[in-house]
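Notes for the one structure printed next.
Throughout, a chain's letter reflects where its sequence line sits, starting with A, and its residues are numbered from 1.
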Amino acid sequence: MNLTERTQKFFTGNLTLEDALPTQMPAYVNSFVYLFGVSALSALGLLVLTGFIMALFGPNWYHLTRVGRFFNSLHFWSVQFFFFALVSHLVTKYLTASWRDGRWKTWMLGLLAFGAAVLTGLTGFLSQSNWDSQWIAVQAKDAMNSLGVGALFNAMNYTQVLTLHIFFLPVILSAVVLIHLYFIRSEGSVKPIRRGE
Amino acid sequence: MSRRSEAYFHGIPMRPYDLIREGLIVFGVITILVIIFAAIFSSPDYPTVRGEDVAKRQPIAFTKTSVSFLSGDSGISTYGPPYTRDFDDAQKVLGIAPAKWFGVTIPLNPPVDFVIKPLERVSVFDKGVAAALKTYKAASPKQQLNWASAYFKVLDKATFVNGQVKVPNGNYGPVPTMAAGMLNLGRAGLLEGALQSDARLPYQLNFTKSLLFFQDDVDHSVANSLNLLGEQWGLSNETGNYPGAWWLWPYAFWYQIPAIASSPNGDLIVGLIMLAIFLVIFFVPFIPVLNGLLPRGLQVYKWVWRDWYHRGRPAVAERERKAG
């Protein structure tokens, strides 16, 4: 068994360079609703970039210095644009029934990405180390405890919350998004709904 | 194209496309928008509520909070798992209480952890508090509870005069002295440090006790003034005029229903509803009606693919020619 040969065959069958980086698109891919996905991806890129810089300099920097506060604001507004694009993407994909022609895996991975994004957002709010974090921590703990999750995740344990937010959850989210993108590029955009279908 | 793509797109007209160019343009636009919003609107950063602030501005509320841990009137006193062994108080639906599954994983003894241990630190330099603590520890549990409950109730009539909490006379034992010790601890700005008595000092890695200390009346009073209570859609609000976690509106919605908001099992009920909604959306591709009739009935797809459905018409052909 030649592993390299098998890998080549896999990509020839599922994801060529033209699939991954297409230079042509079906004529029906012609609406701004197709931009919500790439908008969410762009905002996610900005979140990683600004988050990387914030993690590098630490909480005192983004609370107490002008430049740090500005990066905190960049991160905050990136979150808002990210969720706006993500929710718009989700809604338009539902309204165009985009799971057709065997694309249910892409849909489900998108939903998992949304779930991971919500958890990353929650830990982000908890990581702010300001009043919002303080209030959300004591409120969120009731929701977590009632579902039995409180034994594994303590919203008031700042160290756990911060490490989850800046490493564990972003890695999970990025991995799910990458697999989601693989299926999108491999399977291509779903065809329009046929009249009377 | 891969074999899979070629088979799927067979017979479909294609148009020129530049994925990297499109990605860079969108990334550029989003970046500019984010910079503009950050520069104009900044971001919320409301300061934390600290023991020192509460002790100085609301000394009676601070005192009442301290005594509530001794009298069993705090929210955490009989919370149940994962903090206390009051398993009957765990939220349940149809007899199922997920909070019980893992048991008590963050054990707390409210009178000891929130009052007695911090006061043991104070007693090192305050002989009055040391004597009060000795008297309190020597008393029976019933006596301790009677003193604390009586003092907790009378605090509703308390006044703050010359830096001291004054209440009508009564049999409160050493509790007023202990409460005054807690208040002094707060005034000195040492409450949070004293609460984390089992931390790996000087490293503070876990603020569970400090955050739980004010979680009842004090935090609720601040949250109420900032429109952050559950019934005020607080779950998805942010301090000030900033958008919060608006994507949690569907979650916050259930807390606006009085029967759920006032239920002792409200958090579990909402959590299970949201879990069910997530699973329905997750499995939408396989759920009749939701997977076909509804998106087709709403007819938004006709607008999204209007050029495709009307291809061949002169106006569409002109738009396509301009789009390249």
If you count heavy-atom pairs under 4.5 Å with chain B, which of [options] comes out on top?
options: A:Leu122, A:Leu111, A:Val161; answer: A:Leu111
options: A:Asn72, A:Val38, A:Leu46; answer: A:Leu46
options: A:Ala155, A:Ala140, A:Ser39; answer: A:Ser39
options: A:Ala20, A:Gly188, A:Ser186, A:Ala117; answer: A:Ser186
options: A:Gln160, A:Arg69, A:Gln139, A:His75; answer: A:Arg69
options: A:Phe83, A:Trp107, A:Phe71, A:Trp104; answer: A:Phe83

Counting only non-hydrogen atoms closer than 4.5 Å, does [X] touch chain B with its backbone (N, CA, C, O), its side chain (CB onward), both, or neither?
X: A:Ser189; answer: backbone
X: A:Phe81; answer: side chain
X: A:Val91; answer: neither

Next on the checklist: Is the positively charged end of A:Arg103 above the ring of B:Tyr8, judged by distance under 6.0 angstrom from the centroid and angle within 45° of the axis?
Outcome noted: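 Judged by the rule, A:Arg103 and B:Tyr8 form a cation-pi pair.
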
Checklist entry - How are the rings of A:Tyr158 and B:Phe207 set relative to one another: parallel (under 30°), tilted (30 to 60°) or perpendicular (over 60°)? => result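 Rings of A:Tyr158 and B:Phe207: perpendicular, as their planes differ by over 60°.
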
Checklist entry - Between A:Trp77 and B:Tyr242, how do the two ring planes meet: parallel, tilted or perpendicular, split at 30° and 60°? => result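 Rings of A:Trp77 and B:Tyr242: tilted, as their planes differ by 30° to 60°.
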
So do the side chains of [X] and [Y] get within less than 4.5 Å of each other, counting heavy atoms only?
X: B:Tyr309; Y: A:Arg194; answer: no
X: A:Thr23; Y: B:Asp18; answer: no
X: A:Val33; Y: B:Tyr301; answer: no
X: A:Asn130; Y: B:Tyr46; answer: no
X: A:Lys141; Y: B:Tyr83; answer: yes
X: A:Asn30; Y: B:Trp308; answer: no
X: A:Phe76; Y: B:Phe37; answer: no

Next on the checklist: Counting heavy-atom pairs closer than 4.5 Å to chain A, which one of B:Val49, B:Leu298, B:Thr105, B:Leu33 comes out on top?
Outcome noted: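 Looking at each of B:Val49, B:Leu298, B:Thr105, B:Leu33 in turn, B:Val49 comes out on top.
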
Checklist entry - Do you know which of B:Leu294, B:Ile106, B:Val93, B:Ile281 has the most heavy-atom pairs with chain A at a distance under 4.5 angstrom? => result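 Answer, by heavy-atom pair count under 4.5 Å with chain A: B:Ile281.
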
Considering all heavy atoms, the nearest [X]-[Y] contact:
X: B:Thr48; Y: A:Ser129; answer: CG2-O, 4.0 Å
X: B:Asp267; Y: A:Asp142; answer: OD2-CB, 3.3 Å
X: B:Leu226; Y: A:Trp131; answer: CD1-NE1, 3.4 Å
X: A:Gln128; Y: B:Pro44; answer: OE1-O, 4.4 Å
X: B:Glu238; Y: A:Phe125; answer: OE1-CE2, 3.2 Å

Next on the checklist: Centre-to-centre under 6.0 Å for A:Tyr34 and B:Trp305, is that the case here?
Outcome noted: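 That pair fails the under 6.0 Å test.
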
Checklist entry - Which answer fits B:Ile12, side chain, backbone, both or neither, if we ask what part of it has an atom under 4.5 Å from a heavy atom of chain A? => result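 Contact with chain A involves the side chain of B:Ile12 alone.
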
Item to check | Evaluation steps, ring pair (Phe, Tyr, Trp, His ring centres under 6.0 Å), between B:Trp303 and A:Phe32 | outcome: CA-CA 11 Å; B:Trp303 171 75; A:Phe32 76 88; 5.8 Å; yes

